[in-house]
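Letters A, B, ... are given to chains in the order of the sequence lines, protein chains preceding strands, and every chain is numbered from 1.
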Protein chains: 2
Amino acid sequence: MLTQTISATTTKVAPACHAQTPPFADQFSVIARCSGVVATEFSYKKEEEIYGEDEPAEYVYQVIRGAVRTYKLLSDGRRQIGAFHLPGDVFGLDPDSTHRLTAEAITDTTVRLVKRRSLEAAAGSNVQVAHHLWTMTASDLRHAEDHMLLLGRKTALERVATFLLEMDRRLAKAGMMALPMCRRDIGDYLGLTLETVSRALSQLNDQGILAFSSARQIVLRNRQRLADMDA
Amino acid sequence: MLTQTISATTTKVAPACHAQTPPFADQFSVIARCSGVVATEFSYKKEEEIYGEDEPAEYVYQVIRGAVRTYKLLSDGRRQIGAFHLPGDVFGLDPDSTHRLTAEAITDTTVRLVKRRSLEAAAGSNVQVAHHLWTMTASDLRHAEDHMLLLGRKTALERVATFLLEMDRRLAKAGMMALPMCRRDIGDYLGLTLETVSRALSQLNDQGILAFSSARQIVLRNRQRLADMDA
DNA sequence: CGGTCACTTGAGCGTCCTCAACTGCGGTGG
DNA sequence: CCACCGCAGTTGAGGACGCTCAAGTGACCG
């Protein structure tokens with residue numbers, strides 16, 4: 001029961017070193033600058049795998065544009081998405097030598113990447129870089145802790161409400177959010193089926209809490225009521 | 001619907017500086033030694049709170065003996081335990097200035113503790129300490145990622161099987177494990193009710209996969225079948 | 001314009017939850 | 001020393017929430 005078909009073609013844009021720096025004045029940039037590590041750009045097509053579970057962790061990535069999902073699978077194909085990574089987000093950061101989740105591009109995606117070993121070397125001589133690495137991992141941990149509460153204890157409606165508020169915060173532009181992921185992805189993130197996600201969204205639409213301009217273009221009409229039902 | 005009654009008395013053993021070093025040749029000891037930070041011992045009674053969610057994170061702890069649960073609550077009292085901390089485990093490590101979960105002693109518990117600020121100061125001048133801090137946080141993150149898969153996608157029986165294997169690995173002595181926590185704690189860790197946990201354990205007992213010498217004293221009779229049902 | 005795929009909606013079902021009763025063990029006090 | 005009490009754990013019956021299976025709709029793309 002594989003939940004995603006992987007595109008057979010792994011066409012990749014030619015790495016462009018010294019690419020113009022995108023407008024992210026973030027930790028990744030800071031680290032890259034501090035450490036003198038050169039960041040390379042790279043692109044992945046929709047549905048393309050970026051790295052697999054248990055593969056050697058050679059690079060650390062930052063999303064420039066597009067969206068990435070990281071997930072774990074059970075032997076029978078049940079999938080749990082741990083996080084969605086949107087422009088600006090760093091992923092693949094792992095002090096272990098192997099990745100613990102699979103990463104795939106949800107849409108056509110461009111990333112910046114640096115060698116993990118370069119980063120660790122930089123951390124070995126620059127405590128600021130080391131601190132940044134720790135902070136970023138801790139930030140992932142905080143998200144995971146919140147998500148465990150959601151997965152273990154929230155109802156379907158509460159989960160979807162939480163999801164909408166998270167996505168609103170992270171990718172809303174002009175009061176509107178354009179979800180890059182399908183209903184199945186949302187379900188696999190929230191520990192639900194795609195049908196349950198769809199029903200919850202329809203219910204919120206019926207209640208006037210949100211409005212669709214298309215299935216993935218959503219406007220939140222009442223964030224307060226959404227926050228209330230988030231428990 | 002509070003799931004735990006907190007003992008009103010907060011009797012604490014007088015802090016004993018320069019206490020004899022327990023036999024943990026672990027990261028915590030290494031760090032304490034590297035950084036020259038003095039570790040203090042402290043004891044908590046059964047059910048006593050060690051720190052609360054959103055309290056300032058003043059200390060980092062290591063369990064010497066006993067057991068600790070860390071959890072989050074929803075407004076109506078639903079609880080998600082993120083982890084159980086057993087002798088040797090470090091908890092409360094958080095680069096944020098406040099704790100994100102509540103920590104409580106499950107049984108009478110003794111911990112070593114160091115000031116978080118001392119640790120961070122040490123990390124600022126010693127890259128090995130900084131690396132250790134990162135590694136420990138990453139280890140918590142790995143556990144959380146595995147647990148998200150459990151909470152989002154595993155059946156009740158699979159969750160209990162996973163739990164038993166985890167506890168067997170972490171606290172089995174002479175083929176027997178003595179669980180410090182009650183069925184409700186297990187349920188709140190696995191995203192189940194205490195009744196469902198009890199039924200799953202009874203079923204595994206009926207199938208001869210485990211045996212009870214008392215409700216919390218369990219012998220695993222067939223780890224392979226347990227691992228198989230863990231999915 | 002036809003086909004495919006994402007999404008929606010409905011009906012029926014199953015797993016786990018809720019509520020309840022009962023059991024057994026451990027601690028305490030008469 | 002034993003009876004009693006309280007709490008943890010077990011077990012049962014019934015119900016609800018979310019899943020499964022299925023059909024239908026609509027949008028996008030070739």
Quick one: [X] [atom1] to [N] [atom2], roughly how many Å, whole number?
| X | N | atom1 | atom2 | result |
| --- | --- | --- | --- | --- |
| Asp206(A) | dG10(C) | CG | C1' | 15 Å |
| Leu150(B) | dC16(C) | CG | P | 12 Å |
| Lys46(B) | dC7(D) | NZ | P | 11 Å |
| Arg184(A) | dC7(C) | CZ | P | 10 Å |
| Asp185(A) | dC5(C) | CG | P | 16 Å |
| Leu190(B) | dC16(C) | CG | C1' | 14 Å |
| Asp188(A) | dA6(C) | CG | P | 13 Å |
| Arg78(A) | dT20(D) | CZ | C1' | 15 Å |

Position toward the 5' end of DNA chain D (nearest nucleotide), Ser214(A) or Leu157(A):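 Nearer the 5' end of the strand: Leu157(A).
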I want to verify a distance call: between [options], whose nearest atom is closest to the [X] side chain?
| X | options | value |
| --- | --- | --- |
| Ser198(A) | dT8(C), dC16(C), dT10(D) | dT8(C) |
| Glu195(A) | dC7(C), dT11(D), dA22(D) | dA22(D) |
| Arg183(A) | dT11(D), dC7(C), dG18(D) | dC7(C) |
| Arg216(A) | dC7(C), dG9(D), dC19(C) | dC7(C) |

Phosphate contact (dC16(C) OP1 or OP2) by Thr196(B) side-chain N/O below 4.0 Å: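 No, outside the criterion.
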Short side-chain N/O contact from Thr193(B) to OP1 or OP2 of dT18(C), under 4.0 Å: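 Answer is no, no contact under 4.0 Å.
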Any donor-acceptor N/O pair under 3.5 Å between dG10(C) base and Arg199(A) side chain: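 It does, because a donor-acceptor pair links the side chain of Arg199(A) to the base of dG10(C) below 3.5 Å.
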Donor-acceptor pair under 3.5 Å, Arg159(A) side chain vs dG18(D) base: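 Absent.
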Touch class at under 4.0 angstrom, heavy-atom based, for Leu194(B) against every strand present: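 Base, at least one base heavy atom under 4.0 Å.
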Sugar-phosphate only, base, or nothing, as touched by Gly191(B) at under 4.0 Å among non-hydrogen atoms: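 Since only primed, P, OP1 and OP2 atoms lie under 4.0 Å of Gly191(B), the category is sugar-phosphate.
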His85(B) and Tyr61(B) aromatic centres sub-6.0 Å: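 For His85(B) and Tyr61(B), the ring centres are not under 6.0 Å apart.
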Side chain to side chain donor-acceptor pair (under 3.5 Å) evaluation trace for Glu58(B) with Tyr51(B): CA-CA 9 Å; Glu58(B) 207 175 340; Tyr51(B) 55 76; over 6 Å; no
Parallel, tilted or perpendicular, as decided by the 30° and 60° cut-offs, for the rings of Phe163(A) and Phe84(A):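 Phe84(A) and Phe163(A): perpendicular rings.
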Mutual orientation of the aromatic rings belonging to Phe42(A) and Tyr44(A) [parallel < 30°, tilted 30-60°, perpendicular > 60°]: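 If you compare the ring of Phe42(A) with that of Tyr44(A), the planes turn out tilted.
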Leu204(A) backbone acceptor or donor facing Gln207(A) side chain under 3.5 Å: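 Here the side-chain-to-backbone pair does not exist.
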Upstream residue (5' side of DNA chain C) when Arg153(A) and Phe212(A) are each assigned their closest nucleotide: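 Result: Phe212(A).
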